[in-house]
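So the structure is just underneath, and the comments pick up after that.
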2 protein chains.
Amino acid sequence: MFQVPTKTQYAIRALVHLVRTKSASVASIAEAEHIPFKYLEAIFGQLKSAGLLIADRGRSGGYRLARAPELILMSEVVKATEGDITPVGCLDDAGFCIVSEACLPRRFWFGLKRTVDAYLESVTLAEIAEPGFLPAPDPSQKESAAAKD
Amino acid sequence: MFQVPTKTQYAIRALVHLVRTKSASVASIAEAEHIPFKYLEAIFGQLKSAGLLIADRGRSGGYRLARAPELILMSEVVKATEGDITPVGCLDDAGFCIVSEACLPRRFWFGLKRTVDAYLESVTLAEIAEPGFLPAPDPSQKESAAAKD
DNA sequence: GCATATTCAGATCAATCAAGTAGGAATTTA
DNA sequence: TAAATTCCTACTTGATTGATCTGAATATGC
C-alpha cells in the first residue's frame with residue numbers, strides 16, 4: 001500500500017541533485033545517481049510538464065529547477081509523478097459507495113488521505129536537500145478533530 | 001502510491017460487519033457486503049493468521065472477532081492484509097542506500113512512514129464501526145518542517 | 001555549415017502484482 | 001450421514017511498473 005514507486009524515488013533524488021548543481025543534463029544526473037538514463041529522461045518530461053523543471057535544449061542544454069527549492073512542495077513532486085492521491089474509489093467527488101449502509105470506512109480513508117497530504121505539503125525540496133533535515137514531528141498529534149466532507 | 005488495495009478495503013468492511021453480527025459465515029458476509037466469496041475466504045485466512053479473527057469450523061461455524069473491536073487497531077488490520085509498511089527499500093533495518101551521498105530523501109520517506117503509522121495506530125475498529133466516527137485531526141500540526149511561499 | 005550534445009516523443013516489452021477463480025480436502029454439527 | 005462450513009493449493013487474468021528502443025527536433029560550439 002505504501003510502497004513508493006521507484007519512479008518517484010528517482011524523481012526526488014534527481015531533484016535533490018539539481019538543488020546543488022544549478023543545472024545539469026539528464027545523462028550526468030543519471031550517472032551520478034545510478035538511475036537508468038532513458039527512464040530518467042521520461043521522468044523529467046513529467047516534471048517539466050508539471051512546471052517543476054525548465055529545460056534548455058541543444059548542445060549545452062540541460063534541466064534546472066523552475067523555482068527556488070524552498071518553493072517546491074514535496075506534494076507537488078509526488079503529484080507530478082503519480083497523479084492525485086485517491087486512496088479508495090469512493091473518495092472521488094461525485095463518487096459514492098456501492099456498499100450497504102453509508103460506507104463507514106470512508107471517513108477512515110479520507111482521514112488517512114488528509115494525513116498524508118498534510119505531511120507531503122509540510123516538506124519542501126529545500127529541506128530534503130539539507131543534510132540537517134529532520135523528519136516528521138513525533139506523533140504526539142493524536143487528536144481526532146473535526147470532519148467536513 | 002496511496003491507492004488502497006481492494007483486499008484491505010474488503011477486510012475492513014467485513015470486520016465492521018462482524019462488529020455488529022457477533023459471528024457470521026464468510027458466505028453471508030460476502031453476500032451482504034458485495035465481496036467475492038472466494039476472495040473473502042482467502043482474506044479471512046490472513047486475518048485469522050494475524051490473530052484478529054477466530055474461526056469456528058464445521059456446520060454452524062463462522063468467524064468472530066478475536067478481541068473486542070476497541071482493542072483492534074487499524075494498523076493491525078492493514079498489516080495483516082499487506083504486511084509491513086516500508087515505503088522504500090532502504091528503510092529496512094540493515095538496509096542501506098546505493099545512492100551516492102548518505103541518501104538524504106531517506107529521512108523524508110521515514111517521516112512519511114511514521115506519519116502513516118501514527119494515524120493507523122490512532123484509530124480502532126470500534127471507532128470505524130461507529131456511525132459517529134470522525135476522521136483525522138485537521139492538519140494544524142505543522143511543527144517540524146515548514147517553509148511557505 | 002556541420003558535427004555533436006542535448007531535449008523530446010512515441011511505441012514497445014518484460015516482469016511483477018493485484019484481483020479473482022477453481023477444485024477439493026478437512027471438520028463439525030444437526 | 002449429509003450439509004454447511006473452514007481450509008489449502010494452485011491457477012488465470014489484467015493492469016501496472018520499470019524500463020528500453022528508435023528516432024526525431026533543437027540548439028551550440030567549432
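The sequence lines fix the lettering, A, B, ..., with proteins before strands; numbering per chain opens at 1. Any value given below was found using the heavy atoms of this structure, including those in side chains, with hydrogens, waters and symmetry copies removed.
Counting non-hydrogen atoms under 4.0 angstrom, A:F44 reaches nothing in the nucleic acid.
Judged as a side chain to side chain donor-acceptor pair (under 3.5 Å), and not counting sequence neighbours, the contacts of A:K38 are A:E41. Residues satisfying the side chain to side chain donor-acceptor pair (under 3.5 Å) test with A:S75, not counting sequence neighbours, are none. B:R64 pairs by the salt bridge (charged side-chain N to carboxylate O under 4.0 Å, His left out) definition with B:D56, not counting sequence neighbours. B:E70 pairs by the salt bridge (charged side-chain N to carboxylate O under 4.0 Å, His left out) definition with nothing, not counting sequence neighbours. Applying the salt bridge (charged side-chain N to carboxylate O under 4.0 Å, His left out) criterion to A:R67, with sequence neighbours excluded, gives A:E76. Residues satisfying the side chain to side chain contact (heavy atoms under 4.5 Å, CB included) test with A:A24, not counting sequence neighbours, are A:L18, A:T21, A:S28, A:I29. For B:A27, the side chain to side chain contact (heavy atoms under 4.5 Å, CB included) criterion is met by B:S25, B:F37, not counting sequence neighbours. For the side chain to side chain contact (heavy atoms under 4.5 Å, CB included) test, residues two or more places apart in sequence or in another chain that qualify with A:T6 are A:Y10, A:Y39.
A straight line from OH of A:Y63 to P of C:dA5 spans 18 Å, rounded to a whole angstrom. Atom CD in B:E31 sits about 14 Å away from atom P in D:dA4, given to the nearest Å. Regarding B:Q9, its CD atom lies at a distance of 10 Å from the P atom of C:dG20, rounded to whole Å. Between B:H34 atom NE2 and C:dG20 atom C1' the separation is 17 Å, expressed in whole Å. Going from atom CD of B:E41 over to atom C1' of C:dG24 covers 11 Å, rounded to whole Å. Straight-line distance from the CD1 atom of A:I43 to the P atom of C:dT7: 14 Å, rounded to whole Å. Spacing between atom CG of B:D56 and atom P of D:dT5 amounts to 12 Å, rounded to whole angstrom units.
To the nearest 0.5 angstrom, A:L53 atom CG is 6.5 Å from A:L65 atom CG. Rounding to the nearest 0.5 Å places OH of A:Y63 at 14.5 Å from NE2 of A:H17.
Rounded to 10°, the angle separating the first-five-pair axis and the last-five-pair axis of the helix from C:dG1-D:dC30 to C:dA30-D:dT1 equals 10°.
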Pairs of donor and acceptor atoms involving the side chains of residues 43-52 of chain A, under 3.5 Å and at least two apart or interchain, shall be tabulated with distances.
residue: A:Q46; atom: OE1; partner: A:K7; partner atom: NZ; Å: 2.9
residue: A:Q46; atom: NE2; partner: A:A80; partner atom: O; Å: 3.2
residue: A:S49; atom: OG; partner: A:G45; partner atom: O; Å: 3.1

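Out of C:dC8, D:dC7, D:dT6, the shortest distance to the side chain of B:S25 is found at D:dT6.
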Check: Which letters describe nucleotides 24-30 of chain D, given B = protein heavy atom under 4.0 Å from base, S = only from sugar-phosphate, - = neither?
Finding: -BBBBS-
Note to self: Output one letter per nucleotide in nucleotides 10-20 of chain D: B when a protein non-hydrogen atom lies under 4.0 Å from the base, S when only the sugar-phosphate is that close, - when neither is.
What the structure shows: --------BBB
